[in-house]
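Counting begins at 1 with the first residue of the sequence.
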Amino acid sequence: MFFFKRTTKQEQAPERRSCYAGLRQLGDRPEQQDCIAVSDLEDEALRKEKGVLLTLADGMGGMDHGAQVSKLLVETLQEDFRERPLDAAPDAWLLELLGRANRRVNSFLRDKTSGGSTLVMALIQGGRLYHLSVGDSRLYLARGSGLVLLNRQQSYGAKLDLMLVKGILPASELAAHPQRRALTSYVGMGDLEGIDRNTVPLTLQRGDTLLLLTDGVFGTLSEEEIFDALCDDPDTALRRLEHRVRSAGKPYQDNYSAVLYRYDPDC
């Protein structure tokens, strides 16, 4: 099994694991379109053979089937992670999992009006981290006194930055450009236009914290506010993060979800 949860505005408690916690909450939106999951941490054979897979997807709110796409995407990835043999290098295997999931989503959307989702995957295998992402959801590493963004987002903002460098766009228009946050790649668009991943794994240290976030969190809180919430155990850390999002009182608050994994070889 893997851990997957639906929540309503009344459900406040994150999921509980000794080294993992998950948060999935509605903001001021009519539908929950975020989806999170983690592979079965109690399956010792799965952990020894393949590791731990963290997944987070943010269904696109401007499309008709964002919720269905994010759920289908995460379920497909976790099912394939559990069932398919690890027959390639971990970074290539993640690409294979994404390819199968993307094809399944595109098949689902074939007779639908529209639908899409971002994705972040983090694979922890023997103390090594491999990651892959599509869209603008984020993967952070908290180590010591710092928070480091590990992935690059596929958004129009990157193209705008290049336009500024080339002198095509004035600096005064950069931050306020109406298309800055528009995605240039997302699952469900057909052939993906962009993928971010690492091919050389990052070696984790005991106590490292991995944090997967939707834009409902990082679009509301600063990185300093996010990092300050990460003390204590994972469950308490995400409760603090949730409290800060709610306390921000942002108008039209987006749904906000997070996956937190604290690395401990003995966990």
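Side chains of Asp58 and Thr214: a donor-acceptor N/O pair is absent below 3.5 angstrom, by distance only.
We find the CE-CG distance between Met189 and Leu109 to be 12.5 Å, quoted to the nearest 0.5 Å. The distance from atom OH of Tyr261 to atom CG of Leu211, rounded to the nearest 0.5 Å, is 14.5 Å. The distance from the CD atom of Gln68 to the CG atom of Leu73 is 13.0 Å, given to the nearest 0.5 Å. How far CZ of Arg240 is from CG of Leu23: 14.5 Å, rounded to the nearest 0.5 Å. We find the OH-CG distance between Tyr140 and Leu212 to be 11.5 Å, quoted to the nearest 0.5 Å. The CE atom of Met121 lies 12.0 Å from the CG atom of Asn151; values are rounded to the nearest 0.5 Å.
With hydrogens and angles ignored, the 3.5 Å screen pairs no side-chain donor or acceptor of Lys71 with any backbone N or O of Cys35. Remark: the backbone N or O of Val187 is not paired with any side-chain donor or acceptor of Asn102 at under 3.5 angstrom. Side-chain atoms of Thr220 come within 3.5 Å of backbone N or O of Gly216 as a donor-acceptor pair. Put simply, the side chain of Gln32 never gets that close to the backbone of Ala67: no donor and acceptor are under 3.5 Å apart. Proximity of a side-chain donor or acceptor of Gln253 to a complementary backbone N or O of Asp28 within less than 3.5 Å is not detected. Formation of a donor-acceptor pair under 3.5 Å by the Asp196 side chain with backbone atoms of Arg152 is found in this model. Side-chain atoms of Ser70 come within 3.5 Å of backbone atoms of Gln33 as a donor-acceptor pair (strictly under, hydrogens ignored). Looking only at distances, a side-chain donor or acceptor of Arg47 sits under 3.5 Å from a matching main-chain atom of Leu41. Side chain of Gln78 to main chain of Leu53: a donor-acceptor pair is present (N/O by atom type, distance under 3.5 Å, no hydrogens or angles).
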Tabulate below the donor-acceptor pairs under 3.5 Å that side-chain atoms of residues 84-96 make, not counting sequence neighbours, or state none.
residue	atom	partner	partner atom	Å
Asp91	OD2	Arg197	NH1	3.2
Trp93	NE1	Pro85	O	3.1

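Applying the side chain to side chain contact (heavy atoms under 4.5 Å, CB included) criterion to Glu83, with sequence neighbours excluded, gives no partner residue.
Using a 4.5 Å heavy-atom threshold, the side chains of Asp215 and Asp136 count as touching. Side-chain contact between Leu150 and Leu129 is present, with heavy atoms from C-beta onward closer than 4.5 Å.
Listed by first and then second residue, the salt bridge (charged side-chain N to carboxylate O under 4.0 Å, His left out) pairs involving residues 255-267 are Arg206-Asp264, Arg206-Asp266 (not counting sequence neighbours).
Taking all atoms of both residues into account, the shortest heavy-atom contact from Gly146 to Phe227 is O-CE1, 3.4 Å.
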Test salt bridge (Lys or Arg N to Asp or Glu O under 4.0 Å) applied to Arg239 and Asp235, step by step:
CA-CA 6 Å; Arg239 288 180 184 277; Asp235 181 77; 3.0 Å; yes
Going through the distances and angles, do Asp34 and Arg24 end up as a salt bridge (Lys or Arg N to Asp or Glu O under 4.0 Å)?
CA-CA 7 Å; Asp34 298 349; Arg24 180 174 177 267; over 6 Å; no
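Annotation for Glu224: atom CD does not count as buried by contact number, only 12 or fewer foreign heavy atoms lying within 6.0 Å.
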